[in-house]
Amino acid sequence: MSELYIRVAEEENEEPMEIPSEDDGTVLLSSVAAQFPGACGLRYRNPETQCMRGVRLVEGVLHPPENDWGNLVYIVNYPKDNKRKMEEIDAATVVKIKRGFQKTSDLIVLGLPWKTTEQDLKDYFSTFGEVIMVQVKRDAKTGNSKGFGFVRFTDYETQTKVIAQRHMIDGRWCDCKLPNSKACPDEPMRSRKIFVGRCTEDMTTDDLRQYFMQYGEVTDVFIPKPFRAFAFVTFADDQVAQALCGEDLIIKGVSVHISNAEPKHNNIHQLFPNFPGGSASLAAMFDRSQYHFPSSHV
DNA sequence: GTTGAGCGTT
């Protein structure tokens with residue numbers, strides 16, 4: 001396919017800029033954001049209805065309406081539109097989503113037979129409702145099942161129903177519960193940085209940036225090397241970061257868990273970045289101080 | 001090549 005560009009502008013009557021599409025006809029949100037920093041999506045005026053329409057966005061990829069971008073000018077969406085007026089609405093929306101709307105979360109499935117596969121789980125749980133993902137936890141070396149797994153449903157009602165009863169799976173009774181990892185939803189800490197747990201090795205900084213852009217402007221993505229199965233993502237707006245904490249999100253088909261960065265004790269190296277003798281001696285001192293004091297003082 | 005309460009390679 002020849003190289004294709006779509007026309008994008010900040011406002012309807014402004015001069016558009018040409019943004020390149022991918023080989024499959026989609027446009028990466030990151031391509032848009034490269035020219036319009038902070039962009040989180042596109043919209044356009046539907047010639048038939050004269051209404052604004054949103055462009056489908058899936059994991060950082062923008063899809064052409066009816067498989068053809070046509071000759072329209074697309075308008076950039078930003079997480080928060082005009083200055084402070086919208087900022088307040090945005091905050092209210094964030095709170096509403098966090099409180100009212102009942103999001104589903106991963107459920108742990110305990111007591112699975114050793115032989116049960118992910119396909120078995122999918123088949124079984126699909127009888128309750130649409131399944132987003134299933135996992136069977138296995139020993140990395142042997143590949144043997146550890147006898148438990150995870151399942152995630154689309155609908156909260158399905159989740160409620162599944163938790164409420166026992167499950168006969170491949171000849172054993174199994175229980176589905178909310179996992180402990182989300183027992184204590186993170187509290188205050190107005191951090192703009194989130195901790196992204198359970199990352200897989202094929203997730204690049206670009207992948208994460210593209211994915212998280214849909215929630216707000218991303219200012220930094222950090223993936224430790226060598227691979228440690230987690231990452232940090234920093235947003236421009238702390239409300240965006242806070243709203244995501246406690247969520248399970250699916251990136252590249254994998255369920256990652258979002259929590260506050262630095263949840264336990266604050267990072268001493270960040271508190272005292274220029275400590276004389278370097279951070280190693282500071283860490284040693286910190287450890288000793290914890291050792292000497294009774295726990296009630298720490 | 002085993003097992004049967006738990007908690008996902010922070």
Side-chain angles (χ1 to χ4, degrees), chain A residues 103-122 124-125 131-153 159 162-163 165-187 189 191-205 207-208 211-212 220-234 241-242 244-270 279 283 286-287 290:
Chain A
K103 268 185 111 74
T104 64
S105 47
D106 296 358
L107 302 179
I108 188 166
V109 188
L110 266 5
L112 288 175
W114 313 116
K115 61 168 199 173
T116 298
T117 66
E118 298 192 337
Q119 187 61 51
D120 295 333
L121 281 189
K122 181 93 189 271
Y124 173 77
F125 283 115
V131 172
I132 301 181
M133 78 97 213
V134 290
Q135 280 182 325
V136 171
K137 287 299 163 190
R138 299 176 180 281
D139 183 277
K141 274 210 303 274
T142 67
N144 290 337
S145 167
K146 291 183 176 170
F148 71 96
F150 293 87
V151 61
R152 173 89 170 271
F153 295 97
Q159 165 169 323
V162 166
I163 293 177
Q165 72 176 73
R166 300 250 284 160
H167 301 272
M168 177 60 74
I169 302 176
D170 290 338
R172 270 183 63 94
W173 285 109
C174 302
D175 290 306
C176 294
K177 305 177 181 175
L178 287 170
N180 290 336
S181 51
K182 54 167 29 73
C184 46
D186 306 318
E187 276 294 309
M189 277 234 75
S191 178
R192 292 158 41 230
K193 194 197 288 184
I194 57 172
F195 179 90
V196 185
R198 305 199 303 267
C199 289
T200 51
E201 206 157 8
D202 66 327
M203 290 180 193
T204 65
T205 54
D207 289 333
L208 297 184
Y211 178 83
F212 283 104
D220 188 57
V221 176
F222 177 78
I223 299 180
K225 286 182 280 284
F227 175 65
R228 294 227 275 151
F230 65 90
F232 293 105
V233 173
T234 309
Q242 294 307 312
L244 290 176
C245 284
E247 305 279 345
D248 291 314
L249 303 175
I250 293 182
I251 305 178
K252 294 184 123 179
V254 175
S255 171
V256 300
H257 186 257
I258 309 302
S259 55
N260 234 302
E262 313 147 82
K264 302 279 190 262
H265 42 80
N266 288 326
N267 190 328
I268 51 174
H269 306 298
Q270 288 178 3
S279 57
F286 187 77
D287 285 345
Q290 287 203 318

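Chain letters run A, B, ... following the sequence lines, proteins first, then strands; residues in each count from 1.
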| message | So A/Asp248 and A/Val256, do their side chains get closer than 4.5 Å, heavy atoms only? | response | no
| request: Using a heavy-atom cut-off of under 4.0 Å over every strand shown, decide if A/Leu112 touches base, sugar-phosphate, or nothing. | output: base
| message | Please report the distance, rounded to the nearest Å, between CG in A/Asn180 and P in B/dA5. | response | 16 Å
| Out of B/dG8, B/dG4, B/dG6, whichever nucleotide has its closest atom nearest the side chain of A/Lys137 | B/dG8
| said: Is the shortest side-chain heavy-atom distance between A/Trp173 and A/His167 below 4.5 Å? | reply: no
| In whole Å, what is the span from the CD1 atom of A/Ile163 to the P atom of B/dC7? | 17 Å
| request: Take A/Thr200 and A/Lys146, find for each the nucleotide of DNA chain B with the closest heavy atom, and name the residue whose nucleotide sits nearer the 5' end. | output: A/Lys146
| Could you give the NZ-to-C1' distance, from A/Lys177 to B/dG6, as a whole number of Å? | 8 Å
| task | Would you kindly give the NZ-to-C1' distance between A/Lys141 and B/dT2, to the nearest whole Å? | result | 15 Å
| message | I need the CD1-P distance between A/Ile258 and B/dG8, as an integer number of Å. | response | 17 Å
| Can you tell if the side chain of A/Val254 reaches within under 4.5 Å of the side chain of A/Met203, non-hydrogen atoms only? | yes
| Hey, what's the ring geometry for A/Phe195 with A/Phe232, parallel, tilted or perpendicular (30° and 60° as the breaks)? | perpendicular
| message | Please compare A/Thr142 and A/Met133 by the position of their nearest nucleotide in DNA chain B and report the one closer to 5'. | response | A/Thr142
| With sugar-phosphate meaning primed atoms plus P, OP1 and OP2, does A/Pro226 contact a base, only sugar-phosphate, or nothing at under 4.0 Å between heavy atoms? | nothing
| query | A/Phe148 stacking on B/dG6: centroids under 5.5 Å, ring planes under 30°? | reply | no
| said: Starting the side chain at C-beta, find the nucleotide from B/dG8, B/dT10, B/dT9 nearest to A/Gln135. | reply: B/dG8
| Selected nucleotide, minimal atom distance to A/Asp106 side chain, candidates B/dG8, B/dT9, B/dC7 | B/dG8
| query | Hey, is A/Trp114 stacking on B/dT3? Ring centres under 5.5 Å, planes under 30°. | reply | yes
| task | Let me know the distance between CG of A/Asn144 and C1' of B/dG4, rounded to the nearest Å. | result | 14 Å
| field | Closest to the A/Arg228 side chain, choosing from B/dA5, B/dG8, B/dT10 | value | B/dT10
| said: Can you measure A/Arg172 atom CZ to B/dT3 atom P for me and round it to whole angstrom units? | reply: 11 Å
| request: For the residue pair A/Val109 and A/Phe125, establish whether any side-chain heavy-atom pair is separated by less than 4.5 Å. | output: yes
| query | A/Arg198 has an atom CZ; how far is it from atom P of B/dT9, in whole Å? | reply | 8 Å
| query | Across the strands shown, which category fits A/Gly197 at heavy-atom distances under 4.0 angstrom: base, sugar-phosphate, nothing? | reply | nothing
